[in-house]
Amino acid sequence: MPNENSYEVALQKSNAIREGLAKTPDKFTMLTGDRPTGRLHLGHYFGTLKSRVELQDMAVHTNVLIADYQVITDRDTTEHIQDNVYNMVMDYLACGIDPDKTMIYAHSAVPAANQLMLPFLSLVSEAELARNPTVKAEMEASGHELTGLLLTYPVHQACDILFCKGNVVPVGRDQLPHIELTRTIARRFNNRYGKVFPEVDALLSETPLLPGLDGRKMSKSYGNAINISMTAEETAKRIKKSQTDSERMITFDPENRPGVSGLLSTAAICTGRSEVEIAEEIGMGGSGQLKKYVTEAVNEYFAPIRERRQRYENDLDYVKDVLHEGNRRANEIAEQTLGEVQDAMGMVY
Ligand code: TRP
């Protein structure tokens, strides 16, 4: 009997949910979000934003969270946070997230959702928190000490998901431990106080992770990412600067030729063609021709998105309105849920 929390089981459940979503979309409430630490890039777009829009347009209840409090899990500053949050809303809108269908909000603006942290913290042990592999990995990657918030932010993430009774969370494999913990918290709460919260499952991404231009993990700090918000010229410049190798013949070989292959993967995802097909077409054209092809592919795909984004950049009032309305709705939902929690716990005075 495979472990309920294994990747295989999560994948099976995720596939079952995919079927369910198509049949009865309105039975599902999706919640997912991003940390506002910078601009969203192509990895975010192809890894999750695109599928959020698809879920939204299937009439699933969709909620997108700007996880501003999570910024301070592993850094000591909230510098540029307001600018990052507004720009994140612009990225969302430009990519097709429709604020009439999807609730966009920042979790710091929803006190009642944050208050769930108190009862939830009582439902998990220190040992359970300490063995979360994602927390450990984040701590090591950031070089930051283990603060109380870094240790407990997966519980905070459970608040994010459960305040709106989310039951589908699109995530990458690395976030599975958090979904597991959310499920545990919901069950323990329901067992102890009475049923308030749903069963939560992960919706695992079907697209393989897009590497950065140099073939390494896409990351702002490596300078190997193309942001959605970049202009066509900035995109061309970044691609031009990316590292390839001295072999002229273009082949797809992620192991031995990470730079060339990262570029091919970027072109492939934007054109819907395969890496091998593109490599064969360019052949002896070398990395100059490859880079030209990638630049055109990216700029063509993102032209309409960037054009829309430009309009939002010029209308900050609208962007703020979208966020305020999302925050308002989130507060309504959070207060309702917190009321149910207090009822269940007998804290009614
Ligand atoms: N931890 C996620 C990230 O770092 C962001 C996030 C916060 C989130 N709360 C969430 C994702 C709830 C899914 C569900 O990107």
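All residue numbers in this chain count up from 1 along the given sequence. Counting starts at 1 for both ligands and their atoms, following the listed order.
- Those atoms of ligand 1 with a heavy atom of L31 less than 4.0 angstrom away are 12 (C), 14 (C).
- At a 4.0 Å cut-off, at least one heavy atom of Q175 sits close enough to ligand 1 to count as contact.
- Salt bridge R75/E138: absent, no basic N to carboxylate O contact under 4.0 Å.
- You'll find the ring centres of Y301 and F46 inside the 6.0 Å limit.
- Ion pairing between a basic and an acidic side chain is recognised when a charged N comes within 4.0 Å of a carboxylate O; R183 and D201 show such pairing.
- Within 6.0 Å of CD in Q243 there are 12 or fewer heavy atoms belonging to other residues, nucleotides or ligands.
- Open room surrounds CG on L209; 12 or fewer heavy atoms of other groups in view lie less than 6.0 Å from it.
- Those atoms of ligand 1 that come under 4.0 Å of a heavy atom in L65, given as number and element, are 7 (C), 9 (N), 10 (C).
- Every atom of ligand 1 with a heavy atom of V169 under 4.0 Å away is listed here by number and element: 13 (C), 14 (C).
- Between D160 and ligand 1, at least one N/O pair is under 3.5 Å apart.
- If you look at Y45 and F302, their ring centroids are closer than 6.0 Å.
- The nearest protein atom to atom 3 (C) of ligand 1, hydrogens excluded, is given as R35 NE, 3.7 Å; this is a heavy-atom distance.
- The environment of K217 atom NZ is sparse: at most 12 non-hydrogen atoms of other residues, nucleotides or ligands sit within 6.0 angstrom.
- If you check which protein heavy atom lies closest to atom 15 (O) of ligand 1, you get G33 O, 4.0 Å.
- The shortest contact between atom 12 (C) of ligand 1 and any protein heavy atom is with Q157 CG, 3.2 Å.
- Ligand-side atoms of ligand 1 in range of A67: 7 (C), range being under 4.0 angstrom from any heavy atom.
- For ligand 1, the polar-atom distance check finds an N/O of Q70 within less than 3.5 Å of one of the ligand's N/O atoms.
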